[in-house]
Amino acid sequence: MSRKLTLHPDRLFPAEERTRSIARGLYQSVRDIPIVSPHGHTDPAWFATNEPFANPAELLIIPDHYLLRMLYSQGVPLEHLGVPPAQPDRREAWRCFAENYQLFRGTPSRMWLDWVFAEIFGLDVRLSAETADLYYDTIDAALRTAEFRPRALFDRFKIEVLATTESPLDTLEQHRAIRESGWKGRVITAYRPDPVIDPEYPGFADNLREFGELTGEDVSTHAGYLRAHEGRRAFFREAGATSTDHGHPTPFTADLPREQAEALYAKIFGGGFAAADAELFRGQMLTEMARMSVEDGMVMQIHPGVYRSHNPQLLDRFGRDKGADIPVATEYVRNLKPLLDRFGNDARLTVILFTPDETTYSRELAPLAGHYPALRLGPPWWFHDSPEGMRRFREQATETAGFYNTVGFIDDTRAFLSIPARHDMARRMDCGFLARMVAEHRLDEDEAYEVAHQLAYDLVKAAFKL
Amino acid sequence: MSRKLTLHPDRLFPAEERTRSIARGLYQSVRDIPIVSPHGHTDPAWFATNEPFANPAELLIIPDHYLLRMLYSQGVPLEHLGVPPAQPDRREAWRCFAENYQLFRGTPSRMWLDWVFAEIFGLDVRLSAETADLYYDTIDAALRTAEFRPRALFDRFKIEVLATTESPLDTLEQHRAIRESGWKGRVITAYRPDPVIDPEYPGFADNLREFGELTGEDVSTHAGYLRAHEGRRAFFREAGATSTDHGHPTPFTADLPREQAEALYAKIFGGGFAAADAELFRGQMLTEMARMSVEDGMVMQIHPGVYRSHNPQLLDRFGRDKGADIPVATEYVRNLKPLLDRFGNDARLTVILFTPDETTYSRELAPLAGHYPALRLGPPWWFHDSPEGMRRFREQATETAGFYNTVGFIDDTRAFLSIPARHDMARRMDCGFLARMVAEHRLDEDEAYEVAHQLAYDLVKAAFKL
Amino acid sequence: MSRKLTLHPDRLFPAEERTRSIARGLYQSVRDIPIVSPHGHTDPAWFATNEPFANPAELLIIPDHYLLRMLYSQGVPLEHLGVPPAQPDRREAWRCFAENYQLFRGTPSRMWLDWVFAEIFGLDVRLSAETADLYYDTIDAALRTAEFRPRALFDRFKIEVLATTESPLDTLEQHRAIRESGWKGRVITAYRPDPVIDPEYPGFADNLREFGELTGEDVSTHAGYLRAHEGRRAFFREAGATSTDHGHPTPFTADLPREQAEALYAKIFGGGFAAADAELFRGQMLTEMARMSVEDGMVMQIHPGVYRSHNPQLLDRFGRDKGADIPVATEYVRNLKPLLDRFGNDARLTVILFTPDETTYSRELAPLAGHYPALRLGPPWWFHDSPEGMRRFREQATETAGFYNTVGFIDDTRAFLSIPARHDMARRMDCGFLARMVAEHRLDEDEAYEVAHQLAYDLVKAAFKL
């Protein structure tokens, strides 16, 4: 017997009727607002070529590290799911996923997937071992139709703007192709310079060399290296970029005197550096990036605090981004001080802070963002991009930072089909939070309507200058 | 169109009707209990001179660092608000504040201010750019009347006792003037020796010299320095003080052998000390203060864990306490051990612990206070003196520390007019918490009534020996 | 006037009626499931001898460090409670406890005790100074009857299996006596090798010597020491053990090359080791224990992060486990890496992680357990074995780890009579959590019923191989 798959119209709202009723009203007012997705990891080639997506497994399972990690944690080998270099039968991979679908009970992945199944593919029974083939056939067939090509879905999702993320070494030719295609969808890039800033990034020395060739700068000198960034940032801005992104292990920043910065760069460039040098260089470069942002107006995002590729066996076999990234305790108050001492009072700068360490919401991030003109709080990130995570963020950040030092929702995903589901979840949770404030007479209802709209649309557009 | 300003009688209670109804009953039983304010930062000169408050901006905006920081974070220069040394038009400062009033949505400041506007000044429209002048004129006119002088408000607020906080170098002449004035209001002082204990306090060397002159002790010797404290504590007790307060960067304590303590003091007094010496001295002095408290009965408050004046540009221009103080992670278990090893089992001592780091409620503070006879937990402090902060405190501390190792509410404010609003918020939140326990059958209703009274009145009087 | 004592059938369920109604249904479906208690500290001698429990004070107060610490924190001397070596009148100890019973308001101890009083002893008035003697007499009389002997209560509690915890130096003769008695109750042991692994354990050198004698191995060599463990583990498995338990100060692990491990052991065995050596040895031995678990199938439990016997005065007078154990911040991501690098991908291994530091639920433990096949999350432990603690655990762990990387409820108690109360609390809280997910349409109701059963029974049996 297959169970029905339904998306309840009141899902994610508080159960208490007084509050739920307010939440419903608020949600109605923001449900249909276009999606602004200022940061994420979709592939611009999808929109440049508009080729059909390959098959259910390659579209929905293999690129989604949330799914891989949960299945792996319960003993499912990644080979069974078809994660490269493995190449099993795609249908078998889908069946394996379907048989284990109960693992996702209580997780946001389950809610995002059910939305995709019901809303995008019109499925009305729950995914299970029994319905695996029905699902595979339905989705596979749909993917071969025009309505399910990337651009059609982009339009159907009412995406106003979508940012991808590229390395400085990227030629941005996909973005050029999109612009030149005549298609009206707004897909922009973002500048993620980790490969040429983090001395511990795989292939760093080669990356630097390529960086020099690409920009025509002499990156063997500190000045040439910084000019290469400036040039590349300008190139990215021409492709629509309004932001940079920095995935450092910590939010450590430094502001060295020029001479020391040059000596440090010489050591980094030469390759004979220690781990502490690498950390110092990353920190120094965050401040350099802030300086450039003051000059060129690009918004900085800092995504620190994740121990990447914690599982060396998995890394060896399958590479990065397979679900073995684990958050660590993260400190912002002392780490950000050098950057803030220099630019924290400069309203031309916007630095958006993210964290995988929720303890910093009320202790560090909300007080910092509630004081420094240059700081804003990003929405709950990664593991905390979830109903409970969103609730905790609002409960812990709002009383100190208010609503206006936050920047709305950011999906930060490579799972393109789930983008509307993620924004819908965020809108529902924000409306539920606002509804509770209204029901407890901590906010007037007219104000809640205004804030709901700002959280869904205005704040993110303003913060990212879109 | 101006919106109405209303204070809903059910504000801050849980929305769920079963729980709300219980909360209402509990709150009715504590609503009118007199206010006991055992620790705060009001100015005793107000009550000594009973002069009218100057104007709306100087009374309500400029001294309130909660307001300054939020406005500053959104790009409002402090000069526009009239923060000294700036001296703009007071009405313009008020208008600037009013135009940005939406920034406080969802913050406790908003609820405290609305209470002040509605309850004290009888305003019935919401503050906004449109109503800024109405507000200014109404408040300004009220402040010129006898009913709005400090003593009249003190009586109207039903304050049973109010403690201010003074440096050991203070002559306490304002407190003497209050006592000699014949006015019946009980305003007492508290001993805050940071200026003569913290070697890194601005002007420390001069403070020490003055400390010696004031007490007639030879503070060039360790023994003389300690006697100076003892003498000054006695002087403060004569002015009603029942407590001391310590705003150290960390809760680190030490218990050095006499000889080492003397050598350390010699180094501190001589001025040739390192940062580690300063920390050691602060820690040693907490234990000395505990020893004196065992002897003279004064209650110790420790308020650690805040990085003061994080923003050097702001400090240079506007001085301390302007909203740039940021909490940091704080450790209590190892830091307090030297003090506790010596005095933790001594029921003559009461040490009240505060924290800006909520992670310590359930992990460290509740277990410590739930064991040591000398320890009590202060209420949620600073950024956590808020509805969600209070809820988290009760949820995270009660199951381990119970109610009786906490000490009721402490407003800790310099915003005199907000004192009743703050106590009212705390009473409402505590009643809401108790109501949930009753509704979930975790506490009997008769017990909840008893606890509500204790949280509002009995515990704070007992803890502070008032 | 004595107040009634009642256990409300809806206790611990959310107050909101929609949710409560779902919770009631879920709870009905799991209420009567047998108790599986895979880890705890009851005394096997109770079941071996089946002698009556001594008296109310010795049964219910003196062994319960939750009660001792709270009473002590409020100034009750442990002597008044009859804690050895003190030997007061047992009835007086009970009266002292009864007079202070209000201290437990809002704590889980209060709910567990009320359950014991009402359900086991049929008392229907609340414990207080007035009813102290009634309680004492009622309980004391009951304890002299056959129905209140250990085995009768074991059966009445519907305990399917109960694990005790023993040192490797234990002869397990009580367990043998139980098996040979013909009684059908399943009481098994667990291997807790801290006394012979932790170089800082009291009496460690003597313990090692005894360990060698008991096993016939030459524990002066590293190889002999490891063989002694292997032998003793086999002996414990014969007495039903399926798990080991490790109460280290931290979850630090190491994986030294054999030669270094041998040199370290030589230093430890010789006694001339520093604190860092002790920590390194504990860490190395966790990895050795994991290796043995891969080989013999025993499940590993790690209970780190508690500063034991924080109060030296109390330790001197009354010994360990008297309520002076205080949690500290605990780090898992880097600490566990050496063990996980070696065995984290091995599905033959199950390591169950506990924490007294709730900040790690969402930041470290759920991401780790949501990735590594060898890891599972233990339920909320010690101070967090409480309604709010359980709620926070599910809210913070589920979205990342799901339900299936958790292992159901573990009572971990020496308070035998409270075992059913503790399991009942856990079932009610889990049903309340699931009910909220259903009411918010985040989980379908049929799934919630399945998960409720798994949380109450299936997961713990599977994780502990029972």
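Per chain, numbering begins at 1; letters A, B, ... match sequence-line order.
- Between B:Pro14 and A:Glu440, the shortest heavy-atom distance links the atoms CA-OE2, 4.2 Å.
- In terms of heavy-atom pairs under 4.5 angstrom with chain B, the leader among A:Thr359, A:Leu443, A:Asp341, A:Leu340 is A:Asp341.
- Of all non-hydrogen atoms in B:Phe383 and A:Pro367, the two that sit nearest each other are CZ-CB, 4.0 Å.
- Residue contact with chain B, scored on non-hydrogen atoms closer than 4.5 Å, involves the side chain of A:Thr19 exclusively.
- Checked for salt-bridge contact, A:Arg392 and B:Glu388 miss the test: no charged N lies under 4.0 Å from a carboxylate O.
- Counting all heavy atoms, side chain and backbone alike, A:His371 lies closest to B:Gly323 at ND1-O, 3.4 Å.
- Electrostatic pairing of A:Asp444 and B:Arg3 does not count as a salt bridge here, judged by no charged N lying under 4.0 Å from a carboxylate O.
- For chain B, no part of A:Glu358 is nearby; none of its heavy atoms comes within less than 4.5 Å.
- At distances below 3.5 Å, at least one donor-acceptor pair connects side-chain atoms of B:His310 with backbone N or O atoms of A:Val333.
- The heavy-atom pair separating A:Lys337 from B:Pro312 by the smallest distance is NZ-CD, 3.8 Å.
- Contact of B:Leu314 with chain A is made through the side chain alone, with heavy-atom distances under 4.5 Å.
- Contact of A:Ala448 with chain B is not made at all, since no heavy-atom distance falls under 4.5 Å.
- Of the two parts of A:Arg342, only the backbone, made up of N, CA, C and O, holds a non-hydrogen atom closer than 4.5 Å to a non-hydrogen atom of chain B.
- The side-chain heavy atoms of A:Glu399 and B:Pro387, taken from C-beta on, include a pair separated by under 4.5 Å.
- The aromatic rings of A:His441 and B:His8 sit parallel, their planes meeting at an angle under 30°, below the 60° perpendicular limit.
- Of the listed residues (B:Gln313, B:His384, B:Lys322, B:Arg126), the one with the most heavy-atom contacts under 4.5 Å to chain A is B:Arg126.
- Neither the backbone nor the side chain of A:Ala374 comes within less than 4.5 Å of any heavy atom of chain B.
- Heavy-atom pairs under 4.5 Å with chain B peak, among A:Ala329, A:Ala401, A:Gly370, at A:Gly370.
- Taking OH of B:Tyr101 as the reference point, atom CD of A:Glu447 lies at 9.0 Å (rounded to 0.5 Å).
- When each of A:Glu17, A:Arg394, A:Arg376, A:Met437 is scored by its heavy-atom pairs under 4.5 Å with chain B, the top score falls to A:Arg376.
- Heavy atoms closer than 4.5 Å to chain A are found in the side chain of B:Tyr307, but not in its backbone.
- A salt bridge does not link A:Glu16 to B:Arg18: none of the charged nitrogens lies less than 4.0 Å from a carboxylate oxygen.
- Ranked by heavy-atom pairs shorter than 4.5 Å toward chain B, the options A:Leu375, A:Thr360, A:Thr400 are led by A:Thr400.
- For the residue pair B:Thr107 and A:Thr398, the shortest heavy atom distance occurs at CG2-O, 3.8 Å.
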